[in-house]
There are 4 protein chains.
Amino acid sequence: MNEKTANIELRPTNRRLELFSDGVFAIVITIMVIEIHIPDILAFANDRAALNHLAGELLAYALSFLVIANLWTSHHYLVFTIHMPARSTIWFNNLLLFTISLIPITTRFLGMHPGSPRAAAFYGAVATACTGAFMLLRSHAARKTHNEAHRLIHRRILRRTWLILAIYAASIPLAFVNTGLAWACFIIVPPMLFLPIIRAQPIQAERADQHAMERSCP
Amino acid sequence: MNEKTANIELRPTNRRLELFSDGVFAIVITIMVIEIHIPDILAFANDRAALNHLAGELLAYALSFLVIANLWTSHHYLVFTIHMPARSTIWFNNLLLFTISLIPITTRFLGMHPGSPRAAAFYGAVATACTGAFMLLRSHAARKTHNEAHRLIHRRILRRTWLILAIYAASIPLAFVNTGLAWACFIIVPPMLFLPIIRAQPIQAERADQHAMERSCP
Amino acid sequence: MNEKTANIELRPTNRRLELFSDGVFAIVITIMVIEIHIPDILAFANDRAALNHLAGELLAYALSFLVIANLWTSHHYLVFTIHMPARSTIWFNNLLLFTISLIPITTRFLGMHPGSPRAAAFYGAVATACTGAFMLLRSHAARKTHNEAHRLIHRRILRRTWLILAIYAASIPLAFVNTGLAWACFIIVPPMLFLPIIRAQPIQAERADQHAMERSCP
Amino acid sequence: MNEKTANIELRPTNRRLELFSDGVFAIVITIMVIEIHIPDILAFANDRAALNHLAGELLAYALSFLVIANLWTSHHYLVFTIHMPARSTIWFNNLLLFTISLIPITTRFLGMHPGSPRAAAFYGAVATACTGAFMLLRSHAARKTHNEAHRLIHRRILRRTWLILAIYAASIPLAFVNTGLAWACFIIVPPMLFLPIIRAQPIQAERADQHAMERSCP
């Protein structure tokens, strides 16, 4: 058995990292609906308070769905660049999954109390943790990859992701000034992640593939 | 590294799109049973009201199971035709998964209040949204595929799916006329998705493969 | 594009059938633990009633875990013999998944009321439905497979599975005679599925592979 | 059909074992957050008791996340060494999944009553069962593998894992002496699983691949 074979036999590919992560992503994104109960009173009458309550829960759910869908999309491009994950890769990934698993807890709290500064600040803190954990995983991927193009793209996305991290971090103190400002932070981030697509394509259509990667932030 | 290799290295296949979607489908389809509790009184006596309540919940669950199983079956044929999903594919898919994740919420509401016009209308609205999101994904697949046979099949199914969309959309106002009419709409759709199989096979047995695809609506 | 290529391009393999089924199996088997809450009183004292209650829940959970684990093991061998599932395969599988998704509902009911004849009868009915749905899927697999060895094994297992179906069906009326008899039926079946292994191996060690398949009932 | 082909056709690979296990791992690790509800009072005020309660729940969750993440990481390396799982492999794996599925029940109990000796003892018992089930699976893998390097690594890890089993087992009686001692046992184990990495690498950098395997305990 030569060195290379040994390597192949002793190091699994990223297949199970993807399987496990996709399981966690899929559960976290759908588990939030268990908590959303349409108030019984709405079955036969228009109750203003009940409607407002439901609207708060659905809005918080839609927001978190968007956040997690964005993270999954980026994760799916990112892990693709790490064919042979090391033990450290797995633990950076586990850290990310842990922060993401906190989203349903904070979403429910924000959905129940959309006007609470503490609920908004806690949501901001979890969003900051998720973005930070994702940046750690990406900078790890940038160090580990043998593909120079991937490394470059990871580095460029990382520079841009600092802004998103800053917005989420800012939402924590802003929540205590005015919860509306914190909500503005939460709502502004997801569209930001789509912006580069629109700008990049007309300019450099011939390098579309690289941009396909690049758009995978945060 | 030539152009083609770059393409292969920078664009993942549809594997993880399938993994993530199947996770969401599997959770959405089974999460509904968490909410169904057999009333304790039925352990030792035949309580008419409790039995009716349980029957309503089980009926709504069976109906939604059929809807989601149909969507999964179609999704499984559809994604198969997109070997290299673009970023836009992922977001059409995310939109579909979002609408499907609302099914447990509305199923529980309809199961609790099978005679409520609002519950039926809400169920119809979510079913309309799911069908619409699926049609968007299919017309996207029809545009993107390089396989002319797939494109043709997608287009033919799309034309037929408009009818299903219309039935679900009609159930929303009909629920306020008579909830029985809305339930009729919900019950009539799943068997419609099986009809083409029966009709198509005797006529064109030699093109069975294409029909295997075609039957994958809505 | 010749006939064979068309076939390959238009018919997905059993990969996603496995993905979706494994998702449902994994959720159904673990979702039952959400319902099991250790009574708070047990944190600081030995409460007889609370201990009995918990024991009933854990016993029902362990029993259902064994039933589902058996079904998964059989499913995993069975689907392996269907490389190219037809639309009918998918729907036989969907029927099986539907019956399996009822197990958590009935397990909770039996765990809460281990001495109720109705709870035991309902559990027996769901177990009968699961076994029946599995036999439908297996006889479908026996008809569809192109591998004569697989067909033979499926047929032999089917003959044996009738006994398990009969035991589960018998538990429904027996529950109203004596719940202990119904529990005896539930407890006797899982070990039966292990019996053939012990008997078969000493006799025909040279045909171990076939027996590996054969042991995959019900 | 010769012997070898028959073998290939009648024995599935470890793919579905991984799929099913990853589904269960992913659900068990995320299902715990469903139970964690931030007390409503914290939305608008600092309630000491509510904060302590939440802290206990989050701490128990983080601890169990670490335990399950460790088990998954080890499982991912371990199953990789069993390309063709036998029926016995599947049942050793099912036993492990059963013990892991008890973690959410005991985590919730410990999170609700962090100072209860019984809750700590029960947590220790489940952790002991998980470690024991993992050791059974690993010693099975050591017997079955045809790769001498894998066998050696499995055996070396097994010797080390006895210590972890002993610590968890010791936590059961220790919980009744002082719950702090039981908590110390729970907190000391996860870092122990990282220790070998730090020690091994400087000494035998050239055999890094083997050590990648070795670090996969318990």
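Contact count against chain A (heavy-atom pairs under 4.5 Å) is highest for D:I38 among D:I31, D:T30, D:I38.
No side-chain heavy atom of A:L19 sits less than 4.5 Å from a side-chain heavy atom of D:F25. The side-chain heavy atoms of A:L97 and D:W72, taken from C-beta on, include no pair separated by under 4.5 Å.
Both the backbone and the side chain of D:I27 come within contact range of chain A, each with at least one heavy atom under 4.5 Å from a heavy atom of that chain. For D:F44, the parts lying under 4.5 angstrom from a heavy atom of chain A are both the backbone and the side chain. Both the backbone and the side chain of A:F20 come within contact range of chain D, judged by heavy atoms closer than 4.5 Å. Residue contact with chain D, scored on non-hydrogen atoms closer than 4.5 Å, involves the backbone and the side chain of A:L17 alike. Heavy-atom distances place the side chain of A:F122, and not its backbone, under 4.5 Å from chain D.
The heavy-atom pair separating A:S116 from D:A43 by the smallest distance is OG-O, 2.6 Å. Nearest heavy-atom pair, A:H113 versus D:D40, reported as atom, atom and distance to 0.1 Å: NE2-OD1, 3.1 Å. Scanning both residues, A:W91 and D:N70, for their nearest heavy atoms gives CZ2-OD1, 3.4 Å. Heavy-atom minimum distance, D:N46 versus A:R118: OD1-NH1, 2.8 Å.
Between the CZ atom in A:R15 and the CZ atom in D:R15 there is a gap of 6.5 Å [rounded to 0.5 Å]. Taken from CD1 in D:I34 to CZ in A:R108, the straight-line distance is 11.0 Å, to the nearest 0.5 Å. One distance of note links CG of A:L102 with CD1 of D:I36; it measures 8.0 Å at 0.5 Å rounding. Summarising the geometry, atom OG1 belonging to D:T73 is positioned 5.5 Å from atom CD1 belonging to A:I90; distances are rounded to the nearest 0.5 Å. Rounded to the nearest 0.5 angstrom, A:N94 CG and D:I29 CD1 are separated by 6.5 Å.
Just one residue in the list D:E18, D:H76, D:H75 forms a side chain to side chain donor-acceptor pair (under 3.5 Å) with A:R16, and that residue is D:H75.
Relative ring orientation between A:F98 and D:F65 is described as perpendicular, the plane-to-plane angle rising above 60° on a 0-90° scale split at 30° and 60°.
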